[in-house]
Amino acid sequence: ALQLAEEEGLSLARSEIAKSGFRNVSECLVNGETAYRVSLHMGGIRETYGPFETAEEAALQLAREMRRLEEKKRRRTEREQARRAAQVEAGGEAGEEGGEGGDGDG
């Protein structure tokens, strides 16, 4: 998992406090065996991923999910900026056309 994270350009969020050693990664029991899960709280919603055999695998999944969410946010921001730019451009053109039309009619 650590090598995969490095290959994918991801860093795993270490924690000195969490028993697992990773932020948002906790131990759980699955059929009497220790496993790990990821818990995220976003916008009042709790998302849980797992179980994973190792804490590193859980942390890798968390890093992948955070990257996915950041990319989604970046795309949304880009779309919003493009929409605003189009509105400004359309507003500028409409204003110019309306001004010229008004001068010709009077």
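Looking at every heavy atom in both residues, Tyr36 comes nearest to Thr54 through CD1-C, 3.4 Å. Residues Arg37 and Phe52 approach most closely at CA-CD1, 4.4 Å, considering heavy atoms.
Listed by first and then second residue, the salt bridge (charged side-chain N to carboxylate O under 4.0 Å, His left out) pairs that reach into residues 40-55 come to none, sequence neighbours excluded.
Between Val38 and Thr48 there is no side-chain heavy-atom pair separated by less than 4.5 Å. You'll find the side chain of Gln81 stays beyond 4.5 Å of the side chain of Arg84, heavy atoms only. Contact annotation: the side chain of Arg83 approaches that of Gln87 to within less than 4.5 Å [non-hydrogen atoms, C-beta and beyond].
When the shell of 6.0 Å around CD of Glu80 is examined, it contains more than 12 heavy atoms from other residues, nucleotides or ligands.
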Pairs of donor and acceptor atoms involving the side chains of residues 66-75, under 3.5 Å and at least two apart or interchain, shall be tabulated with distances.
residue : atom : partner : partner atom : Å
Arg68   : NE   : Glu65   : OE1          : 3.2
Arg68   : NE   : Glu65   : OE2          : 3.4
Arg68   : NH2  : Glu65   : OE2          : 2.6
Arg74   : NH1  : Glu78   : OE1          : 3.4
Arg74   : NH1  : Glu78   : OE2          : 3.0

Identify all side-chain donor-acceptor contacts of residues 1-27 below 3.5 Å with residues at least two apart in sequence or on another chain.
residue : atom : partner : partner atom : Å
Gln3    : NE2  : Glu7    : OE2          : 2.9
Glu8    : OE1  : Arg64   : NE           : 3.0
Glu8    : OE2  : Arg64   : NE           : 3.4
Glu8    : OE2  : Arg64   : NH2          : 2.5
Ser15   : OG   : Ile17   : N            : 3.1
Ser15   : OG   : Ala18   : N            : 3.0
Ser20   : OG   : Phe22   : N            : 3.1
Ser20   : OG   : Phe22   : O            : 3.1
Ser20   : OG   : Val25   : O            : 2.7

